Amino acid sequence: MRLLNADLHCHSIVSDGWLDPADVVRRAKANGVELLALTDHDELGGLAAAAATAAKLDLRFVSGVEISVSFFRETIHIVGLGIDPAERTIVDGLRQLRAGRGARAQRIADALAEVGIQGALEGAHSFARNPALVSRAHFARHLVASGVMPDVKTVFDHYLARGKPGFVDHEWVSLEDAVGWITGAGGVAVLAHPARYRVSMADMACLLDRFVAAGGEGIEVVSGAHSEDEMRRFATVARQRGLLASRASDFHGERESPVDLGRCSPLPPDLTPVWSRLI
Ligand code: AMP
Ligand code: MN
Ligand code: MN
Ligand code: MN
């Protein structure tokens, strides 16, 4: 089971991925993935189509989600794996969470207009296939397409990251609510790409304390967003805290993602994989 090619975090057009849910599953199968979770941001809308395609292709599939959380002044992402996508509390909670994105997108567009970039809201919407889920990635794609910046990463560095002119503060859900929705829906809560948060060591320890106290059980040790050093650092965290380890490409599309579906490094062999709880 340890050598299973599991990929437990990726995106479709239901949030800010480039592929239809069914095409995500087909690509995962073609890449040799043996256990897949689709984890769109704050959305469950792609899970039925993905599960149906996975069943046809004989690929093991678990329902997932990546929930946006406000913690101190940072945005943190909590992945839920093995959730029941029909469970009322998570469905209603995510609907409310998504509802905040419309006004946020308007504020991002207003902030960009202040620095001379007009029409960004319409531009972002032209890239967002789900109008309820406009993400900064859609703004970034629009700025690339309109020639403002050469690539998505450069857009984030210049305009969309915290402290840059197009960044706006936003209140997402609390860590406790996000973990509670996931466990209440029968799922396992996993801290996504922990190396990506700009928090001090003390705040990371506090985040982990609160995550575990809320019922969180897993951490992405291997992530498409982690370097080898970061992977080793969070393998140590998983060992010290007895957390289940996840392996996750965070694939959005071949143009944007450094790691393709199923092509992540293996987990360090002494860690307990999160999929021991899922299959
Ligand atoms: P949002 O949920 O609207 O804040 O958008 C977050 C999404 O933007 C992430 O899930 C990534 O897809 C993308 N993103 C965030 N930071 C970066 C970055 N530095 N480079 C490329 N994409 C990024
Ligand atoms: Mn994303
Ligand atoms: Mn994320
Ligand atoms: Mn993600």
Side-chain angles (χ1 to χ4, degrees), residues 7-19 24 37-43 46 64-71 73-81 94 97-109 111-112 120-121 123-125 127-144 149-164 166-173 175 178 189-198 207 218-220 222-227 230 234 246 248-259 261:
D7 191 337
L8 300 177
H9 179 162
C10 64
H11 298 272
S12 76
I13 54 161
V14 164
S15 64
D16 55 5
W18 285 92
L19 300 178
V24 171
L38 177 67
T39 57
D40 277 306
H41 297 286
D42 309 330
E43 254 289 8
V65 65
E66 181 176 19
I67 304 181
S68 311
V69 163
S70 292
F71 181 82
R73 287 194 64 235
E74 267 292 305
T75 298
I76 300 297
H77 286 168
I78 303 294
V79 161
L81 298 174
L94 291 175
L97 184 56
R98 286 194 298 276
R101 278 190 180 261
R104 173 189 186 244
Q106 180 68 62
R107 286 188 291 127
I108 292 174
L112 290 170
L121 186 61
H125 269 283
F127 282 91
R129 298 274 297 277
N130 174 1
L133 212 296
V134 177
S135 114
R136 283 182 294 160
H138 300 119
F139 280 93
R141 288 167 196 164
H142 165 65
L143 265 58
V144 173
M149 291 271 121
D151 55 57
V152 161
K153 187 188 176 306
T154 314
V155 181
F156 274 90
D157 290 348
H158 285 81
Y159 288 102
L160 297 176
R162 178 178 293 282
K164 302 301 173 185
F167 182 87
V168 300
D169 268 315
H170 185 71
E171 195 62 29
W172 303 108
V173 73
L175 177 65
V190 177
L191 181 63
H193 43 64
R196 293 281 64 79
Y197 308 128
R198 290 189 298 180
L207 168 62
I219 189 165
E220 287 181 359
V222 171
S223 162
H226 284 179
S227 66
E230 289 166 341
F234 285 96
S246 191
S249 64
D250 202 1
F251 181 76
H252 285 69
E254 58 187 335
R255 277 168 282 189
E256 280 174 23
S257 297
V259 177
L261 290 163

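Keep in mind that what you see is a predicted model, and the values were worked out from it rather than measured. Reckoned from all heavy atoms, side chains included, excluding hydrogens, waters and symmetry mates. Just follow the structure's listing: the first ligand is 1, and inside any ligand the first atom is 1.
Within Glu66, the N, O or S atom lying nearest to the Mn ion (ligand 3) carries the name OE2. Asp16 contributes atom OD2 as its closest N/O/S atom to the Mn ion (ligand 2). Take the N/O/S atoms of His193: the one nearest the Mn ion (ligand 3) is NE2.
Each of the following atoms of ligand 1 lies closer than 4.0 Å to a heavy atom of His252: 10 (O), 12 (O). Heavy-atom proximity to Arg101, at under 4.0 Å, picks out these atoms of ligand 1: 1 (P), 2 (O), 3 (O). The ligand atoms of ligand 1 that sit less than 4.0 angstrom from a heavy atom of Ser135 are 3 (O), 5 (O).
In terms of protein heavy-atom proximity, atom 6 (C) of ligand 1 is nearest to Arg136 NH2, 3.9 Å. Here the heavy atom of the protein found nearest to atom 8 (O) of ligand 1 is Phe156 CZ, 3.3 Å. With hydrogens left out, the protein atom closest to atom 7 (C) of ligand 1 is Asp16 OD2, 3.6 Å, a heavy atom.
Using a 3.5 Å distance cut-off with no hydrogens or angles, the side chains of Asp7 and Ser249 do pair a donor with an acceptor. Defined by atom type and a distance below 3.5 Å, a donor-acceptor pair is missing between the side-chain atoms of His226 and Glu220. The closest side-chain donor-acceptor pair between His170 and Arg107 falls under 3.5 angstrom.
Within the model, atoms NE2 of His142 and CG of Leu121 stand 9.5 Å from one another, a figure rounded to the nearest 0.5 Å. Note: Leu261 CG to Asp250 CG = 10.5 Å, rounded to the nearest 0.5 Å. Note that CG of Leu191 is 6.5 Å distant from CD1 of Ile76, once rounded to the nearest 0.5 Å. Note that CG of Leu143 is 11.0 Å distant from OG1 of Thr154, once rounded to the nearest 0.5 Å.
Not one N, O or S atom of His11 sits under 2.8 Å from the Mn ion (ligand 2). Among the atoms of Asp250, none of the N, O or S atoms falls under 2.8 Å from the Mn ion (ligand 3). Taking backbone and side-chain atoms together, His41 has no N/O/S atom less than 2.8 Å away from the Mn ion (ligand 3). The distance from the Mn ion (ligand 3) to the nearest N/O/S atom of His77 is under 2.8 Å.
Nearest to atom 4 (O) of ligand 1 by heavy-atom distance, out of His170, His41, Arg104, is Arg104.
Residue contacts with ligand 1: Ser68 is placed with no nitrogen or oxygen under 3.5 Å of a nitrogen or oxygen of the ligand (distance criterion only). Any N or O atom pair closer than 3.5 Å counts here, and Asp157 shares no such pair with ligand 1.
Side-chain N or O atoms of Ser257 include none that pairs as donor or acceptor with a backbone N or O of Phe251 at under 3.5 Å.
Of the candidates His77, His9, His138, His41 forms a ring pair (Phe, Tyr, Trp, His ring centres under 6.0 Å) with just one, namely His77.
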- Task: I would like to know whether His193 and Glu230 meet side-chain hydrogen bond (donor to acceptor under 3.5 Å, both in side chains); could you show each step before the answer?
- Result: CA-CA 9 Å; His193 43 64; Glu230 289 166 341; over 6 Å; no
